[in-house]
There are 2 protein chains.
Amino acid sequence: MNNNLQKYEARAKIAKAMSHPSRLLMLDLLQKQELSVGQLTQEVGADQSTVSKHLAILKEVGLVSVRKEGAMSFYQLKCNCLDGFFSCMESVLVSDLTCRQNALK
Amino acid sequence: MNNNLQKYEARAKIAKAMSHPSRLLMLDLLQKQELSVGQLTQEVGADQSTVSKHLAILKEVGLVSVRKEGAMSFYQLKCNCLDGFFSCMESVLVSDLTCRQNALK
DNA sequence: TGGAAACATGGCAATATCGCCATGTTGTGA
DNA sequence: TCACAACATGGCGATATTGCCATGTTTCCA
(Lines give C-alpha, C1' and ligand atoms only; values in the text may rest on other atoms or scores of the structure.)
Protein backbone atom coordinates (compact mmCIF):
# COMPACT_ATOMS: atom_id res chain seq x y z
CA MET A 1 0.00 0.00 0.00
CA ASN A 2 1.45 3.34 -1.03
CA ASN A 3 0.42 5.92 1.56
CA ASN A 4 2.23 8.55 -0.47
CA LEU A 5 -0.71 8.83 -2.78
CA GLN A 6 -1.59 12.35 -1.70
CA LYS A 7 1.58 13.44 -3.41
CA TYR A 8 -0.19 13.00 -6.74
CA GLU A 9 -3.39 14.78 -5.87
CA ALA A 10 -2.14 18.26 -6.60
CA ARG A 11 -0.83 17.13 -9.98
CA ALA A 12 -4.12 15.38 -10.69
CA LYS A 13 -6.04 18.57 -10.04
CA ILE A 14 -3.95 20.40 -12.63
CA ALA A 15 -4.35 17.60 -15.15
CA LYS A 16 -8.10 17.60 -14.52
CA ALA A 17 -8.24 21.32 -15.15
CA MET A 18 -6.65 20.63 -18.53
CA SER A 19 -8.87 17.69 -19.38
CA HIS A 20 -11.57 19.55 -21.26
CA PRO A 21 -11.56 20.47 -24.95
CA SER A 22 -12.72 24.03 -24.39
CA ARG A 23 -10.16 24.63 -21.69
CA LEU A 24 -7.37 23.20 -23.83
CA LEU A 25 -8.42 25.47 -26.66
CA MET A 26 -8.38 28.46 -24.36
CA LEU A 27 -4.95 27.58 -22.98
CA ASP A 28 -3.67 27.22 -26.51
CA LEU A 29 -5.05 30.58 -27.55
CA LEU A 30 -3.59 32.21 -24.46
CA GLN A 31 -0.14 31.02 -25.44
CA LYS A 32 -0.02 33.75 -28.07
CA GLN A 33 -1.55 36.62 -26.13
CA GLU A 34 -3.81 37.51 -23.28
CA LEU A 35 -7.51 37.54 -24.13
CA SER A 36 -10.70 38.87 -22.63
CA VAL A 37 -13.63 36.71 -21.59
CA GLY A 38 -15.60 38.05 -24.53
CA GLN A 39 -12.89 37.10 -27.02
CA LEU A 40 -12.55 33.63 -25.54
CA THR A 41 -16.31 33.21 -25.59
CA GLN A 42 -16.26 33.99 -29.29
CA GLU A 43 -13.55 31.42 -29.96
CA VAL A 44 -15.03 28.66 -27.84
CA GLY A 45 -18.58 29.18 -29.03
CA ALA A 46 -20.28 28.46 -25.74
CA ASP A 47 -22.31 30.52 -23.33
CA GLN A 48 -20.47 33.36 -21.62
CA SER A 49 -21.20 31.93 -18.20
CA THR A 50 -19.80 28.59 -19.27
CA VAL A 51 -16.58 30.16 -20.44
CA SER A 52 -16.34 32.18 -17.28
CA LYS A 53 -16.60 29.03 -15.20
CA HIS A 54 -13.99 27.28 -17.29
CA LEU A 55 -11.66 30.19 -16.68
CA ALA A 56 -12.34 30.04 -12.96
CA ILE A 57 -11.25 26.41 -13.00
CA LEU A 58 -8.01 27.26 -14.81
CA LYS A 59 -7.37 30.11 -12.40
CA GLU A 60 -8.09 27.95 -9.37
CA VAL A 61 -5.17 25.63 -10.14
CA GLY A 62 -2.84 28.47 -11.09
CA LEU A 63 -2.70 27.90 -14.82
CA VAL A 64 -3.90 31.40 -15.69
CA SER A 65 -4.17 34.77 -14.03
CA VAL A 66 -6.48 37.73 -14.55
CA ARG A 67 -5.87 41.36 -15.21
CA LYS A 68 -8.88 43.62 -14.78
CA GLU A 69 -9.13 46.65 -17.00
CA GLY A 70 -12.31 48.56 -16.47
CA ALA A 71 -15.24 46.26 -16.95
CA MET A 72 -13.16 43.73 -18.82
CA SER A 73 -11.08 40.80 -17.59
CA PHE A 74 -7.99 39.77 -19.49
CA TYR A 75 -6.73 36.26 -18.85
CA GLN A 76 -3.14 35.21 -19.41
CA LEU A 77 -1.08 32.08 -19.04
CA LYS A 78 1.01 31.67 -15.89
CA CYS A 79 3.15 28.80 -17.18
CA ASN A 80 5.37 28.42 -20.20
CA CYS A 81 5.41 24.64 -20.23
CA LEU A 82 2.36 24.00 -22.36
CA ASP A 83 4.43 23.19 -25.41
CA GLY A 84 5.86 20.18 -23.63
CA PHE A 85 2.44 19.19 -22.45
CA PHE A 86 0.86 19.40 -25.89
CA SER A 87 3.72 17.59 -27.57
CA CYS A 88 3.38 14.79 -25.04
CA MET A 89 -0.31 14.47 -25.85
CA GLU A 90 0.58 14.51 -29.51
CA SER A 91 3.17 11.78 -29.22
CA VAL A 92 0.70 9.59 -27.34
CA LEU A 93 -1.85 10.13 -30.07
CA VAL A 94 0.61 9.34 -32.83
CA SER A 95 2.04 6.26 -31.14
CA ASP A 96 -1.46 4.96 -30.48
CA LEU A 97 -2.47 5.56 -34.06
CA THR A 98 0.47 3.72 -35.58
CA CYS A 99 -0.13 0.95 -33.07
CA ARG A 100 -3.71 0.55 -34.21
CA GLN A 101 -2.63 0.66 -37.84
CA ASN A 102 -0.14 -2.14 -37.26
CA ALA A 103 -2.85 -4.20 -35.63
CA LEU A 104 -4.77 -4.15 -38.89
CA LYS A 105 -1.96 -5.55 -41.01
CA MET B 1 -16.91 30.55 -32.98
CA ASN B 2 -14.06 28.13 -33.34
CA ASN B 3 -15.37 25.02 -35.11
CA ASN B 4 -11.94 23.47 -34.78
CA LEU B 5 -12.75 22.49 -31.22
CA GLN B 6 -12.81 18.77 -31.98
CA LYS B 7 -9.09 19.03 -32.52
CA TYR B 8 -8.68 19.26 -28.76
CA GLU B 9 -10.98 16.43 -27.81
CA ALA B 10 -8.43 13.67 -28.30
CA ARG B 11 -5.90 15.55 -26.21
CA ALA B 12 -8.52 16.19 -23.56
CA LYS B 13 -9.23 12.47 -23.32
CA ILE B 14 -5.57 11.78 -22.63
CA ALA B 15 -5.37 14.55 -20.06
CA LYS B 16 -8.52 13.21 -18.42
CA ALA B 17 -7.00 9.76 -18.23
CA MET B 18 -4.09 11.31 -16.36
CA SER B 19 -6.25 13.40 -14.05
CA HIS B 20 -6.56 10.93 -11.18
CA PRO B 21 -4.11 10.47 -8.30
CA SER B 22 -4.10 6.68 -8.50
CA ARG B 23 -3.55 6.70 -12.23
CA LEU B 24 -0.72 9.22 -11.93
CA LEU B 25 0.89 7.03 -9.30
CA MET B 26 0.60 3.99 -11.56
CA LEU B 27 2.07 5.84 -14.52
CA ASP B 28 4.94 7.01 -12.36
CA LEU B 29 5.64 3.49 -11.11
CA LEU B 30 5.49 2.13 -14.65
CA GLN B 31 8.23 4.52 -15.69
CA LYS B 32 10.74 2.30 -13.96
CA GLN B 33 9.45 -1.11 -14.99
CA GLU B 34 6.43 -3.03 -16.10
CA LEU B 35 4.16 -4.21 -13.30
CA SER B 36 1.35 -6.72 -12.85
CA VAL B 37 -2.14 -5.80 -11.75
CA GLY B 38 -1.47 -7.41 -8.41
CA GLN B 39 1.66 -5.36 -7.84
CA LEU B 40 -0.09 -2.15 -8.82
CA THR B 41 -3.02 -3.03 -6.57
CA GLN B 42 -0.58 -3.35 -3.68
CA GLU B 43 0.96 0.04 -4.40
CA VAL B 44 -2.27 1.91 -4.93
CA GLY B 45 -4.05 0.33 -2.00
CA ALA B 46 -7.48 0.11 -3.60
CA ASP B 47 -9.69 -2.77 -4.63
CA GLN B 48 -8.34 -4.97 -7.41
CA SER B 49 -11.35 -4.23 -9.58
CA THR B 50 -10.81 -0.53 -9.12
CA VAL B 51 -7.19 -0.78 -10.21
CA SER B 52 -8.16 -2.91 -13.16
CA LYS B 53 -10.62 -0.28 -14.31
CA HIS B 54 -8.04 2.45 -13.91
CA LEU B 55 -5.68 0.45 -16.09
CA ALA B 56 -8.38 -0.01 -18.69
CA ILE B 57 -8.76 3.76 -18.85
CA LEU B 58 -5.02 4.24 -19.36
CA LYS B 59 -4.97 1.57 -22.02
CA GLU B 60 -7.99 3.01 -23.79
CA VAL B 61 -6.15 6.24 -24.56
CA GLY B 62 -2.92 4.50 -25.48
CA LEU B 63 -0.84 5.46 -22.47
CA VAL B 64 -0.06 1.88 -21.50
CA SER B 65 -0.08 -1.55 -23.09
CA VAL B 66 -0.52 -5.04 -21.71
CA ARG B 67 1.55 -8.17 -21.95
CA LYS B 68 -0.20 -11.33 -20.84
CA GLU B 69 1.90 -14.02 -19.25
CA GLY B 70 -0.15 -16.93 -18.07
CA ALA B 71 -2.83 -15.73 -15.74
CA MET B 72 -1.06 -12.47 -15.13
CA SER B 73 -1.16 -9.16 -16.96
CA PHE B 74 1.89 -6.94 -17.06
CA TYR B 75 1.29 -3.31 -17.88
CA GLN B 76 3.92 -1.05 -19.35
CA LEU B 77 4.20 2.57 -20.46
CA LYS B 78 3.81 3.32 -24.15
CA CYS B 79 5.16 6.87 -24.02
CA ASN B 80 8.42 8.32 -22.80
CA CYS B 81 7.19 11.86 -22.37
CA LEU B 82 5.91 11.65 -18.83
CA ASP B 83 8.93 13.44 -17.44
CA GLY B 84 7.95 16.52 -19.38
CA PHE B 85 4.39 16.16 -18.25
CA PHE B 86 5.27 15.82 -14.58
CA SER B 87 7.76 18.69 -14.67
CA CYS B 88 5.09 20.89 -16.21
CA MET B 89 2.70 20.02 -13.37
CA GLU B 90 5.49 20.72 -10.93
CA SER B 91 6.32 24.11 -12.36
CA VAL B 92 2.66 25.11 -12.23
CA LEU B 93 2.51 24.06 -8.59
CA VAL B 94 5.66 25.95 -7.70
CA SER B 95 4.71 29.11 -9.56
CA ASP B 96 1.27 29.06 -7.96
CA LEU B 97 2.80 28.59 -4.53
CA THR B 98 5.22 31.49 -4.81
CA CYS B 99 2.39 33.58 -6.20
CA ARG B 100 0.24 32.89 -3.15
CA GLN B 101 3.18 33.59 -0.86
CA ASN B 102 3.76 36.96 -2.47
CA ALA B 103 0.10 37.78 -2.03
CA LEU B 104 0.56 37.49 1.72
CA LYS B 105 3.35 40.02 1.98
C1' DT C 1 -28.34 59.01 -12.35
C1' DG C 2 -29.96 55.32 -15.44
C1' DG C 3 -28.95 51.91 -18.47
C1' DA C 4 -26.11 49.02 -21.00
C1' DA C 5 -21.87 46.30 -21.39
C1' DA C 6 -18.67 42.85 -19.43
C1' DC C 7 -18.11 39.29 -16.22
C1' DA C 8 -19.14 36.41 -12.19
C1' DT C 9 -22.11 33.48 -9.65
C1' DG C 10 -26.44 30.61 -8.08
C1' DG C 11 -29.19 27.03 -9.48
C1' DC C 12 -30.63 23.06 -11.79
C1' DA C 13 -31.05 18.93 -14.76
C1' DA C 14 -28.37 15.81 -17.54
C1' DT C 15 -24.45 13.21 -17.64
C1' DA C 16 -20.07 11.25 -16.18
C1' DT C 17 -16.90 9.49 -12.70
C1' DC C 18 -15.58 6.68 -8.71
C1' DG C 19 -15.14 2.70 -5.74
C1' DC C 20 -16.67 -1.30 -4.05
C1' DC C 21 -19.21 -5.81 -4.22
C1' DA C 22 -20.40 -9.57 -6.79
C1' DT C 23 -19.63 -12.22 -10.55
C1' DG C 24 -17.52 -13.58 -14.96
C1' DT C 25 -13.32 -15.41 -17.60
C1' DT C 26 -9.02 -17.51 -18.24
C1' DG C 27 -4.91 -19.93 -16.84
C1' DT C 28 -2.46 -23.17 -13.51
C1' DG C 29 -1.45 -27.00 -10.71
C1' DA C 30 -2.77 -31.15 -8.27
C1' DT D 1 -11.31 -32.51 -13.96
C1' DC D 2 -11.53 -29.37 -9.88
C1' DA D 3 -10.32 -25.82 -7.10
C1' DC D 4 -7.84 -21.75 -6.85
C1' DA D 5 -5.28 -17.65 -8.44
C1' DA D 6 -5.16 -13.46 -11.39
C1' DC D 7 -7.77 -10.28 -13.84
C1' DA D 8 -11.79 -8.31 -16.17
C1' DT D 9 -16.44 -6.84 -16.16
C1' DG D 10 -21.52 -5.83 -14.57
C1' DG D 11 -23.93 -3.22 -11.48
C1' DC D 12 -25.06 0.22 -8.21
C1' DG D 13 -25.14 4.21 -5.07
C1' DA D 14 -22.55 8.31 -4.08
C1' DT D 15 -20.38 12.13 -5.82
C1' DA D 16 -18.60 15.34 -9.36
C1' DT D 17 -18.80 17.65 -13.87
C1' DT D 18 -21.06 20.19 -17.52
C1' DG D 19 -23.76 23.76 -19.72
C1' DC D 20 -27.35 26.72 -19.87
C1' DC D 21 -30.64 30.15 -17.80
C1' DA D 22 -31.36 33.57 -14.69
C1' DT D 23 -29.52 36.80 -11.83
C1' DG D 24 -25.90 39.35 -9.36
C1' DT D 25 -21.85 42.84 -9.49
C1' DT D 26 -18.93 46.26 -11.34
C1' DT D 27 -17.69 49.68 -14.78
C1' DC D 28 -18.52 53.03 -18.25
C1' DC D 29 -21.00 56.46 -20.71
C1' DA D 30 -24.77 59.48 -22.06
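These figures come from a predicted structure and were not determined experimentally. Order of the sequence lines sets the chain letters (A, B, ...), proteins ahead of strands, with each chain counted from 1.
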Rounded to whole angstroms, how far apart are [atom1] on [X] and [atom2] on [N]?
X       : N      : atom1 : atom2 : answer
B:Asp47 : D:dA8  : CG    : C1'   : 12 Å
A:Leu58 : D:dT18 : CG    : P     : 11 Å
B:Met26 : C:dC18 : CE    : C1'   : 12 Å
A:Ile57 : D:dA16 : CD1   : P     : 14 Å
A:Lys53 : D:dT23 : NZ    : P     : 15 Å

Requested in this report: Nearest-nucleotide wise, let me know which of A:Ala71 and A:Arg23 is further upstream toward the 5' end of DNA chain D.
Outcome: A:Arg23
Requested in this report: Might you work through the side-chain contact (heavy atoms from CB on, under 4.5 Å) test for B:Lys16 and A:His20, ending with a clear yes or no?
Outcome: CA-CA 8 Å; B:Lys16 180 172 286 187; A:His20 190 287; over 6 Å; no
Residue-phosphate contact under 4.0 Å: [X] side-chain N/O, [N] OP1/OP2:
X       : N      : value
B:Tyr75 : D:dA8  : yes
A:His54 : D:dG19 : yes
B:Ser52 : D:dC7  : no
B:Ser73 : D:dA8  : yes

**Report entry** Over all atoms of both residues, closest heavy-atom pair of A:Val92 and B:Val61
**Finding:** CG1-O, 3.6 Å
Query - Under-3.5 Å donor-acceptor pair between A:Ser49 side chain and C:dC7 base - result: no
Report summary line: Assert: residue with more 5' nearest nucleotide on DNA chain C, out of A:Ala56 and A:Lys16, is A:Ala56
Query - Crowding at CD, A:Gln76 (>12 non-hydrogen neighbours, <6.0 Å) - result: yes
